[in-house]
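A short write-up of the structure that comes next.
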Amino acid sequence: MSHRNRRAFLADVGSGMLAASIGSGLALDMGLARADTSDVKERLTFGAFEPLVTLMQETPADKLLPQLITRLKAGTDLQTLVAAGAFANARTFGGQDYIGYHTFMALAPALDMSRELPEAQRPLPVLKVLYRNTSRMQAQGGCKHENMHPVEASTLPAGKPGGELLQDLVRRQDEKGAESAFAAMVKASPGEAYQHLQYEIEDEVDVHRVVLSWRAWAMLDLVGQEYAHTMLRQSVRFCLQNERNIVDQKRPVSAIRTQLPKLFDQYKLLSKPLGTRSVDDAWIDDFSKLVYSAPREKAADAVAAALADGISTDCIGEALALAANRLVLHDPGRRQAQPDKPIGSVHGDSVGVHASDSANAWRNISRVGNQRTAAASLIVGAFHTAGQSGGLNKDPYPLAEQMQKISASNPETLLNELDAAVRANDQAQACALAMQYSATGGPSRRIFDVLLKFATSEDGALHAEKYYRTVSEEHGRMRPAFRARQLAALARVTASEYGKTAAGYAQAKDLLKV
């Protein structure tokens, strides 16, 4: 399903057409229909995908890739492998395992990366993530320890908006009520159910919460809308687990829970259509600085005011992406070492990578959402990105003195030096070389090719695929004035993550003979 078709899918909500077209796959998924197998009540099944899904759950990771490559040679395509991996992941983890949902979120980006590689190398990023997927499922017990099972749809109460109902059930930690209500919402209309889900996504600022929601929706391109419930349900379960953690750990809830409805009322954001007014580069840059440096409440208010003033959602979203990019370029690096993340590193769960992936997800959800979702996603996205600049460097990478060290001007020489800087883990040099290459006017595709091979080979502390995809998307949407910043950030993060080859990558290369 393309982005345009997803929009059409959402535009059809409430028409009654989707409810009639859900089909047996979704009915079985929600426990509303019986199959001939005796264990249907206990286990989700996935039709023609099922043999491959089970294979991925039950096969030891070191024996998986030869079997998958055999299937590729026999005509199975990469999209089918990714879809099966998504089903296996959802059934095993159900959105409630840290490594599990990180791996789910990397599946579609890995497939997108594969399309940018030479034909012989295209399976590599997908096989790498599928190896990670099976490795984690095996560690958790595979088919014997599945975490998501069929659920019965409830009868929804009359007179209460679905989003408010779901939000209330999750806040009360009513797992059965939330699960059965969401099943009923998807039964009526998957597209409308996704809009209802956003009320709960907006309740807290958490990178995994929003990125999982977006990646689950985007996965419908690969698995088909008949499996929308399986994909989207993961987010409901994530939010339920998160709400339990808030209560158990006696953490305060996010201020966005009270601020968001106040801003909607204050600026009357639902009383007229959102605006389409464009702004110049200076406005985008200045607004990104505001979001980057402001307290969270002020940034959220600024977005609401801009929406009320008729500024287009695309312009505001671009500023949010640029603000998150600033967090990457201003980051001094880790002050304490973590496993696979040494002092000074900025890859993995760093402030900038997390902010960029979050802003990208909020922006994507805004683009496919109805009016309320479009506005709320940008307001919460600003709240999410803001308030994190304390303790960061005053000036962004690359610094003036770093740029002065670059003597080459030939694009090919700069690309070769960038490759060497990444391999040396020299973040400053890589960042400066990317910026200098952009100044030559060389094709961006060439620099992406240099960095793509590392995003494919390196572990990236669970973030290599997602962040590469975030930057490639935002670079493609961003105005020419700001594109070099995205390339510089990707070069920096790539240099940071180099040196830990992803598990399964060497085996995949050997089996593919590439």
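Quick caveat: nothing in here was measured; it's all calculated off a predicted structure.
Taking the six-membered ring where the residue is Trp, Phe87 and Phe46 present parallel rings, their angle staying beneath 30° rather than reaching 60°. In this structure, His102 and Tyr98 have tilted ring planes: the angle between them lies in the 30° to 60° band.
At a cut-off of 3.5 Å, with distance as the only test, a side-chain donor of Glu116 or Tyr468 sits close to an acceptor on the other residue. Checked by atom type, the side-chain pair His145/Thr92 shows no donor-acceptor distance below 3.5 Å. Side chains of Glu146 and Gln57: a donor-acceptor N/O pair is present below 3.5 angstrom, by distance only. Looking only at atom types and distance, the side chain of Glu474 has a donor-acceptor partner in the side chain of Asn360 under 3.5 Å away. A donor-acceptor contact under 3.5 angstrom links the side chains of Gln195 and Thr373, judged on distance only. Thr313 and Arg367 share no donor-acceptor pair across their side chains, judged by distance under 3.5 Å alone. For the residue pair Asp62/Gln507, the side-chain donor-acceptor check at 3.5 Å is not satisfied.
Counting non-hydrogen atoms of neighbouring residues, nucleotides and ligands closer than 6.0 angstrom, the NZ atom of Lys509 reaches no more than 12 such neighbours.
Among the candidates Glu243, Glu200, Glu179, the single residue satisfying the salt bridge (Lys or Arg N to Asp or Glu O under 4.0 Å) test with Arg237 is Glu179. Each of Ile69, Leu72, Leu68, Leu127 was scored for a side-chain contact (heavy atoms from CB on, under 4.5 Å) with Leu511, with one residue passing: Ile69.
Side-chain atoms of Leu52 and Arg71, non-hydrogen and from C-beta on, do get closer than 4.5 Å to each other.
Of all heavy-atom pairs spanning Arg334 and Asp349, the tightest one is NH2-OD1, 2.8 Å.
The CD atom of Glu202 lies 12.5 Å from the CZ atom of Phe383; values are rounded to the nearest 0.5 Å.
Seen from the ring of Tyr199, Arg372 counts as a face-on cation partner, given the 6.0 Å and 45° thresholds.
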